[in-house]
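Read through the structure below, which is laid out as structure tokens, and then see the notes.
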Amino acid sequence: MPTLPYVLPILLLIVSNAFMTFAWYGHLKSPATPLWIAVLSSWGIAFFEYWFAVPANRIGHQVYSAAQLKTIQEVITLIVFSGFSVLYLKESLNWNHAIGFALIVTGAAFVFRG
């Protein structure tokens with residue numbers, strides 16, 4: 001399937017970012033948890049993140065440059081984090097966040113030009 005190297009890395013990076021977002025920020029809902037438990041739990045979650053990120057980059061590098069893969073990953077991170085922040089952490093995003101994220105996405109578009 002010719003579109004597989006274009007689409008599969010994006011799907012894998014979405015799953016990867018979901019794991020990593022929980023690893024980095026999931027413990028914020030439990031501030032009473034000792035830090036060493038939060039670190040070890042986060043490390044355990046991040047282990048599974050690598051099972052999606054490494055294949056995503058390996059497959060994606062067939063059709064994308066490393067800079068393009070990193071850019072895709074950053075845009076996905078913003079989208080996943082935004083949903084996580086609102087739905088899991090119950091934090092609101094305001095227009096400042098939207099403008100900042102839009103500027104980052106605009107910058108990312110330049111990576112794919114020419």
Side-chain angles (χ1 to χ4, degrees):
M1 183 177 218
T3 60
L4 194 61
Y6 290 96
V7 176
L8 187 57
I10 293 169
L11 298 175
L12 291 170
L13 285 171
I14 290 169
V15 175
S16 165
N17 271 276
F19 275 106
M20 202 51 145
T21 299
F22 270 98
W24 284 358
Y25 303 103
H27 60 88
L28 296 179
K29 270 193 101 162
S30 305
T33 301
L35 184 57
W36 70 270
I37 292 175
V39 170
L40 285 177
S41 299
S42 295
W43 181 78
I45 295 168
F47 172 79
F48 294 101
E49 181 264 346
Y50 278 80
W51 282 99
F52 294 95
V54 172
N57 290 312
R58 185 71 70 92
I59 294 164
H61 200 249
Q62 297 173 36
V63 295
Y64 298 115
S65 70
Q68 288 173 325
L69 284 166
K70 181 61 178 170
T71 302
I72 292 167
Q73 185 268 331
E74 291 300 335
V75 171
I76 290 170
T77 296
L78 287 175
I79 294 166
V80 169
F81 176 78
S82 295
F84 177 86
S85 181
V86 171
L87 299 173
Y88 185 77
L89 294 178
K90 307 293 187 211
E91 294 183 358
S92 61
L93 296 177
N94 59 37
W95 65 271
N96 289 2
H97 298 110
I99 291 172
F101 291 170
L103 290 171
I104 292 169
V105 170
T106 302
F110 282 96
V111 174
F112 288 89
R113 291 187 51 94

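The analysis underlying the following values was restricted to heavy atoms, covering all of them including side chains, and did not include hydrogens, waters or symmetry mates. Here, residue 1 is the first one in the sequence, and each next residue gets the next number.
With hydrophobic clusters built from ILVMFWY side chains whose heavy atoms lie under 4.5 angstrom apart, L78 does not share a cluster with V15. The hydrophobic clustering, which links ILVMFWY residues whose side-chain heavy atoms are closer than 4.5 Å, places V39 and I37 apart. Under the 4.5 Å side-chain heavy-atom criterion for ILVMFWY residues, a single connected hydrophobic cluster contains both L28 and W24. F101 and I76 are assigned to two separate hydrophobic clusters, defined by single-linkage of ILVMFWY side chains at heavy-atom distances under 4.5 Å. Residues V63 and L13 share a single hydrophobic cluster, defined by chaining ILVMFWY side chains whose heavy atoms lie under 4.5 Å apart.
Contact annotation: the side chain of I10 approaches that of Y64 to within less than 4.5 Å [non-hydrogen atoms, C-beta and beyond]. Proximity of T106 to F110: side-chain heavy atoms (C-beta onward) are separated by under 4.5 Å at one or more points. In this structure the side chain of I72 reaches within 4.5 angstrom of the side chain of F112, judged on heavy atoms.
Taking all atoms of both residues into account, the shortest heavy-atom contact from I59 to P5 is CG2-CA, 4.0 Å. Closest approach of H61 and S65 over heavy atoms only: CD2-C, 4.1 Å. Contact record, G60 with P9: CA-CG, 3.3 Å, taken as the closest heavy-atom pair. Residues L93 and S85 approach most closely at CD2-OG, 4.2 Å, considering heavy atoms. The two residues P55 and W51 make their nearest non-hydrogen contact at CG-O, 3.1 Å. Contact between S16 and E49 at its shortest, heavy atoms only, is OG-OE2, 2.8 Å.
We find the CD1-CG distance between I45 and L40 to be 11.0 Å, quoted to the nearest 0.5 Å. Rounding to the nearest 0.5 angstrom, the gap separating the OG1 atom in T71 from the CD1 atom in I104 is 11.5 Å. For the atom pair CG (L4) and CD (Q62), the distance works out to 8.5 Å, reported to the nearest 0.5 Å. Residue T77 holds its OG1 atom at 7.0 Å from NZ of K70, rounded to the nearest 0.5 Å. Going from atom CD1 of I79 over to atom CD of E74 covers 11.5 Å, rounded to the nearest 0.5 Å.
For F22 and F84, the ring centers are positioned less than 6.0 Å apart.
Heavy-atom neighbours of Y88 OH from other residues, nucleotides or ligands within 6.0 Å: above the threshold of 12.
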query = After noting the C-alpha distance and the side-chain angles of Y25 and F81, does the key distance pass the side chain to side chain contact (heavy atoms under 4.5 Å, CB included) rule?
reply = CA-CA 9 Å; Y25 303 103; F81 176 78; 3.9 Å; yes

query = Yes or no on side chain to side chain contact (heavy atoms under 4.5 Å, CB included) for S42 and H27, after CA distance, side-chain angles and deciding distance?
reply = CA-CA 8 Å; S42 295; H27 60 88; 3.8 Å; yes

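In terms of modelled atom types and a separation under 3.5 Å, the side chain of N17 and the main chain of M20 share no donor-acceptor contact. Under the 3.5 Å distance criterion, the side-chain polar atoms of H97 are matched with a main-chain donor or acceptor of N94. Side-chain atoms of T3 never come within 3.5 Å of backbone atoms of Y6 as a donor-acceptor pair (strictly under, hydrogens ignored).
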